[in-house]
Asker: 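Got a structure for you, written out below as structure tokens; questions coming shortly.
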Amino acid sequence: MKIYADNAATTKMSKTAVNAMIPYFDEVYGNPSSLHTSGQKAAEALYNARESISIILNCHPREITFTSGGSEADNQAIVSAAKIGERKGKKHIISTAFEHHAVLHTLQKLENQGFEVELLDVGEFGLVTAEQIKNAIREDTCLVTVMYANNEIGSVQPIAEIGAVCHEKGVLFHTDAVQAAGHLAIDVQAQNIDMLSLSAHKFHGPKGIGVLYARKGIVLSNIIEGGAQERGKRAGTENIPAIMGMAAALEEANEHINENTAKLIKLRDRLIEGFSEISHSILNGDREKRLPSNVHFCFEGIEGESLLLLLDAKGICASSGSACTSGSLDPSHVLLSIGRVHEIAHGSLRLSLDENTTENEVEYIIQSVREVVEYLRKMSPLWHDKISGRKNFILK
Ligand SMILES: *Cc1c(COP(=O)(O)O)cnc(C)c1O
């Protein structure tokens, strides 16, 4: 069996998205900035893609800037808001402790430049409240940036409420919606969102392409300098094939969002039920307010890496949490932010499903994880200390 359950890291491209790209490699290959027919055909495609994405987000096409992905969109949104704030003498930024590194590292850079960054506590279940935001906003706050859904533990934030608080206080609101897109409805008007980041490869589109939505009137600062593409806000010849693939993938995901959600929730809940039967384990993230595709557990007494390798040997592609922290020995900042101690944080497993996951696959995953956790615990001296009472269990 070969099961891909790491869709939060990246997804397989859909056939629709692949097919939408192909003509733009070898038929319509002109540069959209060129005045000749070949260039204008590409410009027309670009126009149509921008429009179709803007309809889905409920914004104006001019409010969409194409970027190289979610990371660049996050960087540009935050740096732009900071520059706008700085001009008004406002240098306080509010975010959360468990944002993606594309956000956290950008904020760190700004901190080094004299901005004050306040990272809010996300509590045991990985949620911030609009109330917390309201209490944190000051006269000199220039930006609130809170992710829509967390990429590791899948918890979903009350974005519309947070946006409403920000608007009431006249503070710009950015959300990293990379994990939400394709799974949760996005409506920048109804949800009071000023800036939003998307990445195509998280919703069955191609890698290396994303969207920064910025409400009319927000002046973006360039991250990439050069030509006048994207109304002068993002230089570089537009990646037309990728943009076409992204638009097609987003349309497709949006069209099937309700049926996919219903299907995924059933599979997700079965996995949660199956894993909950493993002793000394804990679900990470909120039980209800979570992505339909996300299951994240910690198992006491095991190393996440060993678990992943053994699952891989059984044909299951999973993750310990973030693709970005694997390769480093530090425990995930997300798990630490919800209060997991180091020992527990090291024994983590994230499964992120997609609409092609089957019930059989889910049963196979449950069986495999049970076997592997039991096997690893049997081999662990620490586990034997706990079983014999020489050391205490941390999880029930
Ligand atoms: C994947 C991801 C990103 C980065 O997107 P890229 O397109 O890979 O740069 C940013 N934020 C979140 C929440 C993500 O999951």
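Numbers here simply count residues along the sequence, with the first being 1. When a ligand or atom number is given, it counts from 1 through the structure's own listing order.
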Asker: Relative to the heavy atoms of K202, which atoms of ligand 1 are at a distance of less than 4.0 Å?
Answerer: 1 (C), 2 (C), 3 (C), 14 (C), 15 (O)
Asker: Nearest heavy atom to atom 8 (O) of ligand 1: which of H101, H100, H201 does it belong to?
Answerer: H201
Asker: Please name the residue in the list D176, T175, D74 that meets the side-chain hydrogen bond (donor to acceptor under 3.5 Å, both in side chains) test with S197.
Answerer: D74
Asker: If the cut-off is 4.0 Å to any non-hydrogen atom of S71, which atoms of ligand 1 fall inside it?
Answerer: 4 (C), 5 (O), 6 (P), 9 (O)
Asker: Below 3.5 Å, N or O to N or O, backbone or side chain included: is there any such pair between Q179 and ligand 1?
Answerer: yes
Asker: Need the ligand 1 atom indices (1-based, order shown) with element for anything under 4.0 Å from a heavy-atom of D74.
Answerer: 10 (C), 11 (N)
Asker: Just go through G70, G208, A9 and tell me whose heavy atom is the nearest to atom 6 (P) of ligand 1.
Answerer: G70
Asker: Please step through side chain to side chain donor-acceptor pair (under 3.5 Å) for the pair E44 and Q40, ending with a clear verdict.
Answerer: CA-CA 6 Å; E44 193 182 313; Q40 288 314 296; over 6 Å; no
Asker: Looking at W383, F275, F299, which one forms a ring-ring contact (aromatic ring centres under 6.0 Å, His included) with H280?
Answerer: W383
Asker: State the atoms of ligand 1, each with its element, that fall below the 4.0 Å cut-off from a heavy-atom position in M147.
Answerer: 13 (C)
Asker: List in chain and number order the residues that pass side-chain hydrogen bond (donor to acceptor under 3.5 Å, both in side chains) with K41, two or more places apart in sequence or in another chain; answer none if no residue qualifies.
Answerer: none
Asker: List ligand 1 atoms under 4.0 Å from S199, heavy atoms only on the residue side.
Answerer: 5 (O), 6 (P), 7 (O)
Asker: Looking only at side-chain N and O atoms, does H296 offer a donor or acceptor that is under 3.5 Å from a partner on E152?
Answerer: no
Asker: Distance-only criterion, 3.5 Å: show the donor-acceptor pairs between side-chain atoms of residues 242-252 and protein atoms not counting sequence neighbours.
Answerer:
{"residue": "E251", "atom": "OE2", "partner": "S52", "partner atom": "OG", "Å": "2.8"}
{"residue": "E252", "atom": "OE1", "partner": "S14", "partner atom": "OG", "Å": "2.8"}
{"residue": "E252", "atom": "OE2", "partner": "T16", "partner atom": "OG1", "Å": "2.7"}

Asker: Could you list the atoms of ligand 1 found under 4.0 angstrom from a heavy atom of G69?
Answerer: 7 (O)
Asker: Give a yes or no on whether K207 atom NZ has more than 12 heavy-atom contacts from other residues, nucleotides or ligands under 6.0 Å away.
Answerer: yes
Asker: Nearest protein heavy atom to atom 11 (N) of ligand 1, by residue and atom, and its distance?
Answerer: D176 OD2, 2.6 Å
